[in-house]
J.: 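A single structure is presented below for examination.
Order of the sequence lines sets the chain letters (A, B, ...), proteins ahead of strands, with each chain counted from 1. No hydrogens, no waters, no symmetry mates; every other heavy atom, side chains included, goes into these values.
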Amino acid sequence: MSLFDHTIKELEAKLHNKEITVQDLVDESYRRIKEVDGQVNAFLTLDEENARAKAKELDEAADATASLFGVPGGIKDNIVTKGVRTTCASQFLDNFNDPLYDATVVQKLKNEQAISVGKLNMDEFAMGSTNENSSYTPTRNPWNTDYVPGGSSGGSAAAVAAGEVLFSLGSDTGGSIRQPASFCGVVGMKPTYGRVSRFGLVAFASSLDQIGPITRTVEDNARVLEVIAGHDEMDTTSANIDVPKYTEALTKDISGLKIAVPKEYLAEGVAPEVRESILEALKVYESLGATWEEVSLPHSKYAVSAYYLLSSSEASANLARFDGVRYGVRSENADNLIDVFKKSRSEGFGPEVKKRIMLGTFALSSGYYDAYYKKAQKVRTLIKQDFDKIFEDFDVIVGPTSPTPAYKVGELIDDPLTMYANDILTIPVNLAGVPGISLPCGFSENGLPIGLQIIGKYFDESTVYRAAHAFEQATEHHKKRPQLGGAN
Amino acid sequence: MADISKEQVKHVAHLARLAVTDEEVEQLVDELSAIIDYAEQLNELDTDGIEPTTHVLDLKNIMRKDEPKEWITQEEAFKNAPDHEDGHFRVPSILGDS
């Protein structure tokens, strides 16, 4: 049994009772990384020297009351870490070795004495759902390394699933926390838009991006979100709304909880074994005293189109900053300034990133703006209204996170439209801005995890966590572990 | 199939400051056409009178006093720069050989 089979709360007690030290926890993290990361490729950069020094310092500290005291975690590589290489898994930032500041979320983790062991692999600039768009070695699924871990926060989900860290941070623009959490059998939360500061998150689509935690248990997840959430004057889109104690919402009492199940989320296109798992989960909810009813999100089928137009448009503007002038890899083949821009970008960006910049630039260009970009924004309004209407009568929406379990490596790489379409259950949540979590609710016939998605009202992560925790505590799915490394 | 021409792809690539090879142009014509074609489904929806959503929260302009604060130094700003000289980022001439 690994130390990381315990919750943060259990480890806190062990630290308090001197059964273990912070150095033991950090040792466990690097031991496991050395054991299995050659197969999983979850990490792009390790920060071992600093992490070990910090562990030693904490073991000598008089005050051990910080809420993530000595807890080893990993940070997605699109979140800036002072002095620690931050690449977004892009060749453009391959030499970005010395970022000048910490993202607000990283500073908040440090304030609570969490220890970052390193930076986690991802699809380049968070564009992708398999991690195959990493410009380094793609991450593999710890449950079966012939399969993808999902994306774009594939490294963040795989590192937790493989027992390399106790928690990680990911970012979610169209499902990039929840879908990999689903594929890797862990818990991933995309908070309400504005709940967590984006300062220091390398922007993909600013109106959709949100940082959130990935963990093995709902309780740990709530604990990490409590730390990273809250208003930040450095991010004017972060909401100035009090952060509740999410861990106190985990009462296990969900009697009377009203669950909506959109028929579109169990429709054709959802794999039968996924549908079965969700129906089983709904039985668990009934047994716990909740009620559920079928509802409709009639515009969800338009979400994928609207999302790709909007997110790519925002990306085309956000990624304009990568010009080869102030940081990043500059092309050596450029003779004039415009060549520096064009060649540095063309040599530094991978095909998916270029494609989305092109799509976004097209959708924003003169003559097409109204037909594509503005139209998509209007459809976004309709999608948001679908959610508003359901939340007038229900507490949460429940369905699968992804229509299928993990894909085989290479299976969808040449079929982008199918790959995009598979994000249909996560994308509407980002377009509406509401919070959503994925947690394990079963396994496919070939042993791959299946994820349950719970979607809540704006800024009501507490109810989402309460519903997720009650299900988790009534089932055993979260206790299964991938057979990876060592003697296996 | 949506009609996106090679010329359009080249024009958009220039706007996006991307250098594209002939092969990439061919590929992007196909890929962008397929995505735009797919996105045409949005036209099934009547959105007359629907307000566009740029942002899900009710955001207002946030004002603050314009006061100097501690931030990175000039030296730090150059730490990750490909090239710099005399306190400036250095780039090739704007009208160089091309």
J.: Between A:Lys374, A:Met358, A:His299, which shows the greatest number of heavy-atom pairs under 4.5 Å with chain B?
T.: A:Met358
J.: Would a 4.5 Å heavy-atom cut-off, applied to side chains only, mark B:Asn80 and A:Leu100 as touching?
T.: yes
J.: Checking the side chain of B:Arg17 only, and the main-chain atoms of A:Arg345 only, is there a donor and an acceptor separated by less than 3.5 Å?
T.: no
J.: Name the region of A:Tyr368, side chain, backbone, both or neither, that has any atom closer than 4.5 Å to a heavy atom of chain B.
T.: side chain
J.: Counting only heavy atoms closer than 4.5 Å, note whether B:Arg64 contacts chain A via side chain, backbone, both or neither.
T.: neither
J.: Please classify the contact of A:Ser316 with chain B as side chain, backbone, both or neither, using a heavy-atom distance under 4.5 Å.
T.: neither
J.: Measuring heavy-atom distances to chain B, does A:Val340 have an atom under 4.5 Å in its side chain, in its backbone, in both, or in neither?
T.: side chain
J.: Can you tell me which portion of A:Pro99 sits under 4.5 Å from chain B's heavy atoms? Options are side chain, backbone, both or neither.
T.: backbone
J.: CD1/B:Ile35 to OH/A:Tyr308 distance, rounded to the nearest 0.5 angstrom?
T.: 8.5 Å
J.: What part of B:His84 is in contact with chain A, defined as an atom under 4.5 angstrom from a non-hydrogen atom: side chain, backbone, both or neither?
T.: neither
J.: So what's closer than 4.5 Å to chain A heavy atoms on B:Ile50: side chain, backbone, both or neither?
T.: both
J.: Against chain A, label B:Leu42 side chain, backbone, both or neither, depending on which of its atoms sit under 4.5 Å from a heavy atom there.
T.: both
J.: Using non-hydrogen atoms and a 4.5 Å limit, figure out which bit of B:Tyr38 sits close to chain A: side chain, backbone, both or neither.
T.: both
J.: Would you mind checking which part of A:Ala376 comes under 4.5 Å of any heavy atom in chain B, side chain (CB onward), backbone (N, CA, C, O), both or neither?
T.: both
J.: Under 4.5 Å from any heavy atom of chain A, what part of B:Gln8 do you find: side chain, backbone, both or neither?
T.: side chain
J.: Under a 4.5 Å heavy-atom cut-off, does chain B meet the side chain of A:Thr237, its backbone, both or neither?
T.: both
J.: Which atom pair, heavy atoms only, marks the closest approach of B:Pro52 to A:Thr381?
T.: C-OG1, 3.5 Å
J.: Is the backbone N or O of B:Val91 less than 3.5 Å from a side-chain atom of A:Arg330, with the two atoms forming a donor-acceptor pair by type?
T.: no
J.: Could you tell me the separation between the NZ atom of A:Lys354 and the CG atom of B:Leu28, rounded to the nearest 0.5 Å?
T.: 8.5 Å
J.: With a 4.5 angstrom heavy-atom cut-off, which part of B:Ile62 approaches chain A: side chain, backbone, both or neither?
T.: side chain
J.: Would you mind checking which part of B:Leu57 comes under 4.5 Å of any heavy atom in chain A, side chain (CB onward), backbone (N, CA, C, O), both or neither?
T.: side chain
J.: With a 4.5 angstrom heavy-atom cut-off, is it the side chain or the backbone of B:Glu51 that approaches chain A, or both, or neither?
T.: backbone
J.: In Å and rounded to the nearest 0.5 Å, what is the OG1 to CG distance from A:Thr361 to B:Leu18?
T.: 7.0 Å
J.: Should the pair A:Phe199 and B:Trp71 be assigned to parallel (<30°), tilted (30 to 60°) or perpendicular (>60°) ring geometry?
T.: tilted
J.: What distance do A:Asn336 atom CG and B:Ser93 atom OG have between them, rounded to the nearest 0.5 Å?
T.: 6.5 Å
J.: To the nearest 0.5 Å, what is the distance between OG on A:Ser305 and CD1 on B:Ile36?
T.: 9.5 Å
J.: Measure B:Asn61 against the heavy atoms of chain A and call it side chain, backbone, both or neither at under 4.5 Å.
T.: neither
J.: Without swapping roles, check the side chain of A:Ser207 against the backbone of B:His55 for a donor-acceptor pair under 3.5 Å.
T.: no
J.: Measure the CD-NZ distance between B:Glu24 and A:Lys355 for me, rounded to the nearest 0.5 Å.
T.: 12.5 Å
J.: Using heavy-atom distances under 4.5 Å, tell me whether A:Glu233 contacts chain B through its side chain, its backbone, both, or neither.
T.: side chain
